[in-house]
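A note on names: the letters A, B, ... follow the listed sequences, proteins ahead of strands, and every chain is numbered from 1.
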Amino acid sequence: MDNLTIARLFSEAADLMELGEENPFKIRAYRNAAQLIAALPAPVTSLSPDERRALPGIGKDLAARLDEVARTGRLQLLDELRAKTPASLLEIKRLPGIGPRTLLMLWREMGIASATELEAAIHAGRLRTVRGFGPKKEATLLKALASNRDLVARHLLPDCLARGDALRAHLADAGPQARVVLAGGIRRGTELCSGIDIVAAGTARDLASIAEAFRSYSLVETTEESPGGLTARLWGGMQARLVMCAPTAFGATLVWHTGSDAHITHLQSRAEEKGLSFADGALQRGRTTLSTDSEETFYDALGLAWVPPELREGLDEIELAASGALPTLLEWDDLRGDLHMHTTASDGKVDAEAMAAAARDAGLDYIVITDHSPALAMVNGLDNRRALEHADHVRALDRRVKGIRVLAGIECDILADGRMDLDDEVLASLDFVIASLHSALTQPRAEITARVIKAIEHPSVDMIGHPTGRKLLRREGADLDIDAVLDAAAAHGVAMEINGQADRLDLRPSHARKAKARGIPIAVSSDAHSPRGLALKRWGLTVARRAGLTADDCLNARPLPAFRKALRRHRA
DNA sequence: GCCGTTTTCGGCCCGACTGTTTTCAGTCG
């Protein structure tokens, strides 16, 4: 069982314990364990019991729970909790404004145990009778319930990719001669996926054993036949779809099942122009199906260059592929620096030295340490005095450490009125300043747009961090006039961030395209809170590629001198 | 439930905002 699945068990147990009014510190211990496991480099099941016990935050009890999962693949505690409290309660807990207290009250006093029941209760006016509920809260809840419906059965990309990769490897083992690859949204890198799509091409014999391996996979709960293959519901609710084809149909089948729908529609038009047809995963001239043993062959038949999956969104990629003008997309190895990370000075897990060592080992040339400002009291944000001391500390580290440059920065809150959360002189003395929204995200469009623009106009601000503040599957983020914000950023030479946290991915691809069109430097940053977190740039990179960004568009793809020059110019 | 060189008990991140109250509970980050 993979780490993400195990982390989810502990996280769900924590959620359910919260409803049982357990000791809050016990709940936190389970949450911390979930976070730890999700971030472990090696499968937690591959560690010895002693190694598990030695993990920070894993004591006697949690180590025993982990042993149980490693041994049996189940967590009995979770089964017991699920028996006591309906799991459907947790879909309500995801709604904004509903915390554990409210949830418990709704369930105990009113018998509301699911999103559907909550919606019915609101419409029946039953919530009005409850202390603490008024028209405003009803309105926010109804809005959230509506968007929640759209999000049912959608999952974050890393969740889908981790499970998809594990399933793909399992199927590939069953048919060593076959080609077994991920398709669908996972392959295109969409930030939310509806499930796992896998295409397998091989001999009839190989395909038969792959289908059998799919049916008997440990996480599969139910399977049914679907066109060209099988569909399964996985434990935890995710869907997995397997499509099988002959090797000569691999190219067209993979294109078809990679999508997107809009891209396929454009390909169909292109096929018609060439006297061909493309339907149900088959490329045909008249009644003859053309052999496409690879995607390259498929695109070539349409007079197109191979289109990277991240660009297959039905925008301008077909024209570009026809004229040989597809961009050379940004790659992992292009990233020279990381401009956003936290340390134990605020809410990070390790100190600046450990982050620097990890970044150097990961091959980076430079990093910026950007801890929080004091508005975020909960994360021990730095006030003026501590920010200056921390900068001194980081610069001393920079002189001492070999093989990487470490710059002193800050992630400074943009206060509700648009002022910065630290003194101007302090910000001016740092090497790099990120300005971010963390609170009052529900301000009206005009107000919150003006607030971000005011931050952009501040002479010491170099970059806006996670501009809209969205949290995928949880909240929409600020109602920003993104065009106005980007116009201001372009005018003032302020960079924009693509934040790599999997539930942020903010800027989103459409916004990043607009930023590129204005010539705004775009950073792909990790917002890491631990050494492992540095790898989160991977998801930001996917967004950048979906936006058609090249290395030239990316601020932290520049070598340190060029990166610095870009900042100096804007400060001059 | 975890942790500890001041260790087996008593700590463990806390302040602002919101919608509702009429002085505050609950949520959020």
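Remark: the separation of the P atoms in dT21(B) and dT27(B) is 15 Å, to the nearest Å. Annotation: dT20(B) and dA25(B) have their C1' atoms spaced 9 Å apart (nearest Å). Between dC2(B) and dC13(B), the two P atoms lie 16 Å apart (nearest whole Å). dG1(B) and dT6(B) have their P atoms separated by 28 Å, with the value rounded to a whole Å. Atom name P, nucleotides dC17(B) and dG11(B): the rounded distance is 30 Å, in whole Å. Only the P atoms considered, dC12(B) is 32 Å distant from dT23(B), to the nearest whole Å.
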May I have the step-by-step check of salt bridge (charged side-chain N to carboxylate O under 4.0 Å, His left out) for Asp483(A) and Arg518(A), ending in yes or no?
CA-CA 10 Å; Asp483(A) 290 303; Arg518(A) 288 166 170 84; 3.2 Å; yes
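The nucleotide dT27(B) finds its pairing partner in dA16(B), both defining distances of the Watson-Crick or G-U wobble pair being shorter than 3.5 Å.
Distance, Leu437(A) CG to dC17(B) P: 14 Å, rounded to whole Å. A straight line from CZ of Arg65(A) to C1' of dC2(B) spans 15 Å, rounded to a whole angstrom. Separating the CG atom of Leu106(A) from the P atom of dG26(B) is a distance of 12 Å, rounded to the nearest angstrom. The nearest whole Å value for the distance from the CZ atom in Arg53(A) to the P atom in dG1(B) is 13 Å. When the P atom of dC17(B) is taken as reference, atom CD1 of Ile448(A) falls 13 Å away, rounded to whole Å. Taking atom CE on Met17(A) and atom P on dG1(B), their separation rounds to 8 Å, with Å as the unit. Rounded to whole angstrom, the span from the NZ atom of Lys137(A) across to the C1' atom of dC28(B) amounts to 12 Å. Straight-line distance from the CZ atom of Phe10(A) to the P atom of dC2(B): 10 Å, rounded to whole Å.
Within the 4.0 angstrom heavy-atom criterion, no nucleotide atom of any strand lies near Ile27(A). Within the nucleic acid shown, Pro374(A) has no heavy atom closer than 4.0 Å to any nucleic acid atom. Pro24(A) comes within 4.0 angstrom of no nucleic acid atom, judged by non-hydrogen atoms across all strands.
Proximity of Thr102(A) to the phosphate of dT27(B): a side-chain N or O atom is located under 4.0 Å from OP1 or OP2.
Formation of a donor-acceptor pair under 3.5 Å by the Asp159(A) side chain with backbone atoms of Leu4(A) is not found in this model. Of the possible polar contacts, one joining the Gln443(A) side chain to the Ala416(A) backbone as a donor-acceptor pair under 3.5 Å is found.
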Letter by letter from the 5' end, nucleotides 10-15 of chain B scores (B base, S sugar-phosphate only, - none; protein heavy atoms under 4.0 Å) --BBBS
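Residues Ile112(A) and Leu127(A) form a side-chain contact, since some pair of their non-hydrogen atoms from C-beta on lies under 4.5 Å apart.
Using cut-offs of 30° and 60° on the angle between ring planes, the pair His372(A) and His529(A) is tilted.
For the side-chain contact (heavy atoms from CB on, under 4.5 Å) test, residues two or more places apart in sequence or in another chain that qualify with Asn384(A) are Leu422(A), Asp423(A), Val426(A).
Each of Thr442(A) and Ile98(A) was matched to the nucleotide of DNA chain B holding its nearest heavy atom; the match closer to the 5' end belongs to Thr442(A). Take the nearest nucleotide of DNA chain B for Arg101(A) and for Phe133(A): the residue whose nucleotide is more 5' is Phe133(A).
Tyr366(A) has its ring centre no less than 6.0 Å from the ring centre of Phe432(A).
A 6.0 Å sphere centred on CD of Glu476(A) holds no more than 12 heavy atoms belonging to other residues, nucleotides or ligands.
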